[in-house]
Amino acid sequence: MLYRFALHEALNNRTWVVLGLGQPVMWLVLFGPLLEPLSGPGIGGGNRLAQFVPGLLMMVALFGSTFMGLGLLADLRTGFLERLAVTPVARGALLAGWLLRDITLLVAQGLLLLAVGTVMGLRADIRGSALALVLVALVGVLGAGSSYGLALVVRDENTLAGAVNFLTMPLTLVSGLLLPVALAPDWLQALARIDPLYYAVEAARNLMTGHLTDAAVPTGFTVITMLALGVVCWSVSLYRRGVV
């Protein structure tokens, strides 16, 4: 029930729908053509979009989820969370409703991005693309779970927005979202190894180029799944300790 309510509320916000769906498409349409003259490890021929689109999918998952805590703070200020807290519904189920809403929206954005990419010439493995969307959902759980937990701790929109920007910027720059890390100098490649988003990007690239059995695929799923489970348990524990 909470999932349907949260999804309905999000879809009624037409501005959010337009901006949320339009931003990744703008990246693809305006930045994608700049890849044409590039060459290097992992880039060549018709493989350029297959290297770029997976990174955009992870960008959608990261930035589309890490600011979800702002909505939670709005519900906290209106007293909506307090009313939910006294219901017999389990705290974990309340969080699950929001997370399912977030996953639904992120996967919809991912599907739109794949459709536009296909029109622009993207030729990706179908099974790999489906699994990449599963990875989008997992990164979304990781980002949204972290955002909800931080929101319950800081309880301030400005602080939350600053913290999210501070954390996501290095994750984005080091992960190789826009271009493969193989193009970077050795020190930056070494730094990428401690960035969890890097493993998600590498897994998505291998999936969409048809390398489903590459070692990067199970590594990416394992890293993101374990971290997502950890942050969800942390956020639920904040509920159970009576933060709300």
Side-chain angles (χ1 to χ4, degrees), residues 24-25 27-29 31-65 103 106-143 168 170-229:
V25 173
W27 271 98
L28 182 58
V29 173
F31 190 87
L34 298 178
L35 301 176
E36 289 300 322
L38 295 181
S39 62
I43 298 180
N47 201 36
R48 292 183 180 90
L49 280 179
Q51 293 291 329
F52 181 55
V53 173
L56 280 185
L57 286 174
M58 296 305 112
M59 180 185 292
V60 166
L62 181 68
F63 289 102
S65 62
I103 290 172
L106 292 174
V107 171
Q109 288 177 287
L111 286 170
L112 177 63
L113 194 59
L114 290 175
V116 175
T118 301
V119 172
M120 294 180 62
L122 171 67
R123 297 296 177 263
D125 184 87
I126 295 178
R127 292 180 301 166
S129 297
L131 289 172
L133 289 175
V134 175
L135 200 54
V136 166
L138 289 173
V139 173
V141 172
L142 173 59
T168 56
L171 290 176
T172 302
L173 294 175
V174 179
S175 65
L177 277 175
L178 301 180
L179 294 171
V181 174
L183 298 174
D186 292 341
W187 68 268
L188 193 55
Q189 293 187 38
L191 191 61
R193 299 300 190 276
I194 62 174
D195 183 351
L197 192 62
Y198 161 78
Y199 296 98
V201 173
E202 290 299 302
R205 285 198 174 116
N206 278 283
L207 286 169
M208 293 186 63
T209 52
H211 303 132
L212 277 65
T213 59
D214 191 275
V217 174
T219 301
F221 272 96
T222 300
V223 169
I224 298 302
T225 300
M226 295 300 293
L227 288 174
L229 288 173

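Tested against Leu112, the residues Val25, Val107, Leu28, Val60 include a single side-chain contact (heavy atoms from CB on, under 4.5 Å) partner, Val25. Just one of Leu135, Val201, Leu114 meets the side-chain contact (heavy atoms from CB on, under 4.5 Å) condition when paired with Leu57; it is Leu114.
Atoms CE and OH, on Met58 and Tyr199 in that order, are 16.0 Å from each other to the nearest 0.5 Å. The CZ atom of Phe52 lies 11.5 Å from the CE atom of Met208; values are rounded to the nearest 0.5 Å. Put simply, CG on Leu111 and CG on Leu106 are 11.0 Å apart, with the number rounded to the nearest 0.5 Å. A distance of 9.0 Å separates OG1 in Thr168 from CG in Leu173, rounded to the nearest 0.5 Å. From Leu133, atom CG reaches atom CD1 of Ile103 across 12.0 Å, with rounding to the nearest 0.5 Å.
Here the side chains of Leu212 and Asn206 are not in contact, with every heavy-atom distance at 4.5 Å or above. Pro170 places none of its side-chain heavy atoms less than 4.5 Å from the side chain of Asp195.
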When the side chains of residues 216-229 are checked against the rest of the protein, which donor-acceptor pairs come out under 3.5 Å, sequence neighbours left out?
unit_1	atom_1	unit_2	atom_2	d
Thr219	OG1	Ala215	O	2.8
Thr222	OG1	Pro218	O	2.7
Thr225	OG1	Phe221	O	2.6

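Among all heavy-atom pairs drawn from Val136 and Ala61, the shortest one is O-CB, 3.6 Å. Taking each heavy atom of Ala192 and Tyr198 in turn, the nearest pair found is O-CB, 3.4 Å.
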Q.
The test is side-chain contact (heavy atoms from CB on, under 4.5 Å); show your working for Asp125 and Thr209 and say whether it passes.
A. CA-CA 6 Å; Asp125 184 87; Thr209 52; over 6 Å; no
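Distance alone, capped at 3.5 Å, is enough to place a donor-acceptor pair between the Arg123 side chain and the Thr118 backbone. Using a distance-only test at 3.5 Å, with no hydrogens or angles considered, no donor-acceptor pair links the side chain of Arg205 to the main chain of Pro54.
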